[in-house]
Amino acid sequence: MYRFKQTDFLELGGGYGLILLVIWTPNPWQRALYWVAAAFILAVSWRSFDGWAAMGLRRTNLLQSAWIMGLGLLGAAVAIAIAGHLGTLRPWQGPIELVQRFWGYAIWASLQQFLLQIFFLQRILRLVGSKTLAVALAAGIFSLAHLPNPILTVATLVFGLAACALFLRYRNLYPLAITHAILGISIAICFPGPLTHNMRVGLGYLEYRPGQAHHHRAHPASFF
């Protein structure tokens, strides 16, 4: 048992440490570290692979948890309505354009949910033994990885707490990944770029300058 916990701790610390290095390292080293971190997480996940169902990639409880996506859509609709009233909504031509502009982010949102629920939450749960504490710790490190972006740090803390708790209840990753994509895209189009620094975190947030091109696909400075 001690050996398994030691392995979980080393994998957890190694993966999170590499992610923080990616977030806070300038180019050209950042891109190299990005692939090192991705390879480490992929190798560790492959070694500990327990089946697709254990990863939440299954049909079980999909209908029962569909309300999560509905709540996400409702929240996005309210946010868009408020942003439209305040005049902060970024111009867009409809759902098709949103898909074209944000498909990369949608995939990235799914990968982030894998990191949060499968790579981090499950290891933390084995280490601490308490579901409540594991949820709090996983959401906490998820949120801290979005510093110093105040909007994303708060948003990911709230969503991280809810997502981890819901995953432990339904053990299905699909609705959480879809909801993450919905809410993330709504933040991107409802808040001005200079306010969110185009959804960047870490060094990318600090180096942002108004007028820079928007990046809606995965960016090394927003690894987690």
Side-chain angles (χ1 to χ4, degrees), residues 45 50-85 88-90 92-122 124-125 131-132 134-136 138-143 145-146 149 151-191 196 199 201 214-219 222-224:
S45 301
D50 292 325
W52 299 111
M55 296 172 61
L57 302 176
R58 57 180 189 165
R59 289 178 293 179
T60 305
N61 289 334
L62 183 58
L63 289 178
Q64 292 89 329
S65 59
W67 65 270
I68 301 172
M69 295 177 285
L71 188 62
L73 284 170
L74 178 62
V78 171
I80 290 171
I82 294 174
H85 178 73
T88 62
L89 187 65
R90 297 189 187 187
W92 53 290
Q93 302 301 318
I96 294 178
E97 184 187 355
L98 278 184
V99 172
Q100 292 174 338
R101 290 170 61 183
F102 291 99
W103 66 268
Y105 178 81
I107 295 174
W108 190 236
S110 300
L111 294 176
Q112 288 189 66
Q113 287 308 125
F114 169 82
L115 284 171
L116 176 58
Q117 262 77 61
I118 309 305
F119 193 88
F120 288 99
L121 176 61
Q122 299 213 40
I124 294 174
L125 185 59
K131 289 185 178 181
T132 301
V135 166
I141 66 173
F142 181 56
S143 175
H146 289 79
N149 191 318
I151 293 175
L152 293 186
T153 299
V154 173
T156 52
L157 177 61
V158 174
F159 180 74
L161 289 168
C164 289
L166 290 169
F167 180 79
L168 292 180
R169 178 178 179 181
Y170 294 107
R171 296 285 179 174
N172 196 305
L173 199 64
Y174 294 123
L176 299 175
I178 294 171
T179 304
H180 183 156
I182 292 170
L183 296 178
I185 291 170
S186 68
I187 291 175
I189 66 175
C190 290
F191 288 88
T196 63
M199 305 289 282
V201 300
H214 303 312
H215 297 286
H216 302 309
R217 294 190 176 93
H219 188 277
S222 56
F223 191 99
F224 204 165

Problem - Shortest non-hydrogen contact between Tyr170 and Asn61, atoms and distance - result: O-ND2, 3.0 Å
Handout entry: pair Ile189-Phe102: side-chain heavy atoms closer than 4.5 Å
Key = yes
Practice task
Taking Ser143 for its side chain and Ala139 for its backbone only, find out whether a donor-acceptor pair lies under 3.5 Å.
Solution key: no
Handout entry: Min side-chain heavy-atom separation Met69-Tyr174 under 4.5 Å
Key = no
Problem - Short side-chain to backbone donor-acceptor contact, Thr88 and Phe191, under 3.5 Å - result: no
Handout entry: Those residues that, when tested against Ser45, pass side chain to side chain contact (heavy atoms under 4.5 Å, CB included) (two or more places apart)
Key = Ile41, Phe114, Phe119
Exercise for the section: Report yes or no: does Arg58 contribute a side-chain atom to a donor-acceptor pair with the main-chain N or O of Arg171 at less than 3.5 Å? Expected result: yes
Exercise for the section: Examine distances only and state if a side-chain atom of Asn149 and a backbone atom of Thr196 form a donor-acceptor pair shorter than 3.5 Å. Expected result: yes
Exercise for the section: Would you indicate whether the side-chain heavy atoms of Val135 and Leu161 approach each other to under 4.5 Å? Expected result: yes
Handout entry: Heavy-atom closest contact (Ala155 atom, Ile187 atom, distance)
Key = CB-CD1, 4.1 Å
Problem - Exam field: side chain Gln122 to backbone Ala54, donor-acceptor pair closer than 3.5 Å - result: yes
Problem - Asn172 side chain near Thr60 side chain, heavy-atom distance below 4.5 Å - result: no
Problem - Shortest non-hydrogen separation from Leu176 to Phe159 and the atoms involved - result: O-CZ, 3.8 Å
